[in-house]
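Order of the sequence lines fixes the chain letters, A, B, ..., with proteins taken first and strands second; residue numbering starts at 1 for each chain.
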Amino acid sequence: MNAVALELDGLAVDFSGFRAVDGVSMAVAHGELRVLLGANGAGKTTLMDLISGKTKSTEGRVYVHGRDVTNQREHKIARAGVGRKFQIPSVFSGLTVRQNLEVAQSGQPGVFANLKMRLDTEAQERLDETLDLIGLTDEAETEAGVLSHGQTQWLELGMLMIQNASVILLDEPTAGMTAGETAKTAEIINRLKGKHTLLVVEHDMAFVRDIAERITVLHLGKVLAEGNVAFIENHPDVKAAYLGKQGIS
Amino acid sequence: MKTLFSSYHVWAYLAFAIVILALPLIGDEFWLNRVAKYLCYGMLGAAVALTWGYAGILNLGQGLFFGIGAYAMAMSLKLKSYTSMQQGSETPVPDFMLWNAEPGAPTDLCCITPGSWLWIPFQSQWVGLIVAVVLPAVFAYIMGRIIFGQRISGVFVSIITLALVLLTRLIVTDAQPLTNGFNGLTDLGWFTVFGVELDPYSKVTYMVVAVALIIVLALTRMLVATRAGTILQATRDSDTRALYLGYDVPAYQSFFFAVSAGIAGLAGMLYVIVAEFASPSFLELSFSVTMVVWAAVGGRGSILGACIGAILINMLEARVSETESLVEAWKLIIGFVFVIVVIYLPKGLSGLAHDLMSKLQSAPKLSSVQKEEAHQ
Ligand SMILES: Nc1ncnc2c1ncn2[C@@H]1O[C@H](COP(=O)(O)OP(=O)(O)OP(=O)(O)O)[C@@H](O)[C@H]1O
Ligand SMILES: [Mg+2]
């Protein structure tokens, strides 16, 4: 459990003078679930962009299981084991739920390796398990474009599971969900813990208490505080940063 | 479970194969020659569907690949023509090169006109055949790597492909001493396989085209049913999602773009064998746009659908052009059909057929459910 899965070392990006992420260093242990907290515009999404290769950093390094992946191309970073869920859910709308998960089994990503008809039995079983886990077994042959908002989010989570990403970045996985859907999402995320290393951006404190072990608070692109839920909730600097919002409720 | 050919698809492909193979029983050679041309267009429609429907890449310059295939084969067949043996040299030299040659230039492919040496390898018809398929594919692959590698997508790809086909047309018409410019390549010889000359007005030639089409359709359908085909459709829906799953999206797009180009090249090559000419009109924008209409009407989401769309529209056009008064109206009619299809039938005729079939297939299931409900 103590091996470091994701390590950031002085990561920063300079958008022509504006440093949206400004020297962030942190280490997330293997199997840990880390919550990233911060006000709007704190740089949470940008930090995920830097880790996953969407945005090129201007300073610092990113290590995944000790391997330097800084500023590599997106699919290379994905192959190194980083999976990502976006703030706006993104699935393959023209494909069925099953096909979405099939595509997500990207162990062999090359074109020629994929000129074959179907998955082996083991992969097929894993697919059915995942369908069950995200509660979409009945929707397996449904086109993903017609799923409800919650179902789309779960499908995307399922895709990250089956992709077998060792490090998973989740950007506001419960945004726009009903209370019932949020509870189910918490359940899914809790099952990911241990096997996968997770970095989760979340605003909903009830949800954070449900899933979090350690929290890192970002403020103006910098790490403001890091610790367990109780420590963060009582941290004077965090309270100050959220002033006017009556603390993090 | 989705199988490779879900039930009625297999039947649709089989029925199509049987119909086109049976046509020689009912038609004469002149009619078959005309149908063979439509089958080439059908192959072209399938090529458009592969990139447009499956990859979401609207290529407005598919004529470029058809044109390259056509010219490659036409160059070989031109050298086989009797008109190339009348220049008084030992080896064949196209007649138009003589007309365009500088006074005193040696009557030989090496140097009769600037660049005429490019024709030398085409003295073998097999070089023509291979170049017709491989050159479009290689060219498309390189093009794809550059375009898609820059994450260019959507309408910008269409604009680039459109510009390329027009540029090529300009070059081809301008290089008169090498390509015979606007006149294109005419008076061609015949392709020969195993000592059999492929007379364009023969049942053998028709069958060669028909069998080639069936093979291409079957292979393409199998290709899109592979995992790679599913991944390609995934990149169409969200290239970002595919990228973050670890797929090299430009590699997939370029690969299928190249396959589509190779098929278009093959179609162009076969077309020259049956039509006996290659012309810069293949590189006109209107031709490339017409192919897109075929695929839209037939259904870009279906390889067979787009192929049938191309054949039907061309048959209809031939019918219409027999009636003098309708000839002028044809462009209007086809434009109107296109608009109707885009608005009311976005999945084309094949989408319509698909909906009908799934209604028919689910009908019995529905009634059993209704029975159960009645029980309760
Ligand atoms: N490409 C860019 N160019 C310039 N500024 C950018 C760019 N991307 C993000 N920013 C800025 O960086 C800051 C951080 O944005 P970011 O999206 O990371 O915030 P966030 O913490 O995810 O906020 P939210 O909770 O609203 O999602 C914002 O002020 C944003 O406008
Ligand atoms: Mg954000």
Trainee: Select, from A:G110, A:A140, A:A165, A:G145, the one with the greatest count of heavy-atom pairs under 4.5 Å involving chain B.
Mentor: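 So the answer, after comparing A:G110, A:A140, A:A165, A:G145, is A:G110.
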Trainee: Do you know which of A:A78, A:A80, A:S90 has the most heavy-atom pairs with chain B at a distance under 4.5 angstrom?
Mentor: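 Top option by heavy-atom pairs under 4.5 Å: A:S90.
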Trainee: Could you tell me how the ring of B:H9 sits relative to the ring of B:H354: parallel (under 30°), tilted (30 to 60°) or perpendicular (over 60°)?
Mentor: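 The rings of B:H9 and B:H354 lie parallel, inter-plane angle below 30°.
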Trainee: Do we see a donor-acceptor contact under 3.5 Å between the side chains of B:N59 and B:Q62?
Mentor: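 B:Q62 and B:N59 do have a side-chain donor-acceptor pair below 3.5 Å.
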Trainee: If you count heavy-atom pairs under 4.5 Å with chain A, which of B:Y244, B:F255, B:F256 comes out on top?
Mentor: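 Answer, by heavy-atom pair count under 4.5 Å with chain A: B:Y244.
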Trainee: Is A:Q163 in contact with chain B via its backbone, its side chain, both, or neither, using a 4.5 Å heavy-atom distance?
Mentor: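 Looking at A:Q163, just its side chain touches chain B.
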Trainee: Taking 4.0 angstrom as the limit, do A:R61 and A:E7 come out as a salt bridge?
Mentor: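 Salt bridge flag = no for A:E7 with A:R61.
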Trainee: Between B:S238, B:G301, B:G246, who has the most heavy-atom pairs with chain A when the cutoff is under 4.5 Å?
Mentor: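 Ranked by heavy-atom pairs under 4.5 Å with chain A, first place is B:G246.
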Trainee: If you tally heavy-atom pairs under 4.5 Å against chain B, which of A:E74, A:K116, A:H75, A:Q105 wins?
Mentor: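 Maximum pair count with chain B is reached by A:H75.
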Trainee: Would you say the side chains of B:R145 and B:Y141 form a donor-acceptor pair under 3.5 Å?
Mentor: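 Yes, side-chain donor-acceptor contact under 3.5 Å.
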Trainee: Sort A:K76 into side chain, backbone, both or neither according to what part of it lies under 4.5 angstrom from a heavy atom of chain B.
Mentor: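 Nothing of A:K76, per the 4.5 Å heavy-atom cut-off to chain B.
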Trainee: Taking only residues two or more places apart in sequence, or in another chain, which ones meet B:R236 in a side-chain hydrogen bond (donor to acceptor under 3.5 Å, both in side chains)?
Mentor: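 Counting only residues at least two positions away or on another chain, B:R236 forms no side-chain hydrogen bond (donor to acceptor under 3.5 Å, both in side chains).
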Trainee: Using non-hydrogen atoms only, which part of B:L223 is less than 4.5 Å away from chain A: side chain, backbone, both, or neither?
Mentor: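 Interface part for B:L223: side chain.
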Trainee: Apply side-chain hydrogen bond (donor to acceptor under 3.5 Å, both in side chains) to B:S302 and list each qualifying residue two or more places apart in sequence or on a separate chain.
Mentor: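 Scan of B:S302 (side-chain hydrogen bond (donor to acceptor under 3.5 Å, both in side chains), adjacent residues dropped) gives none.
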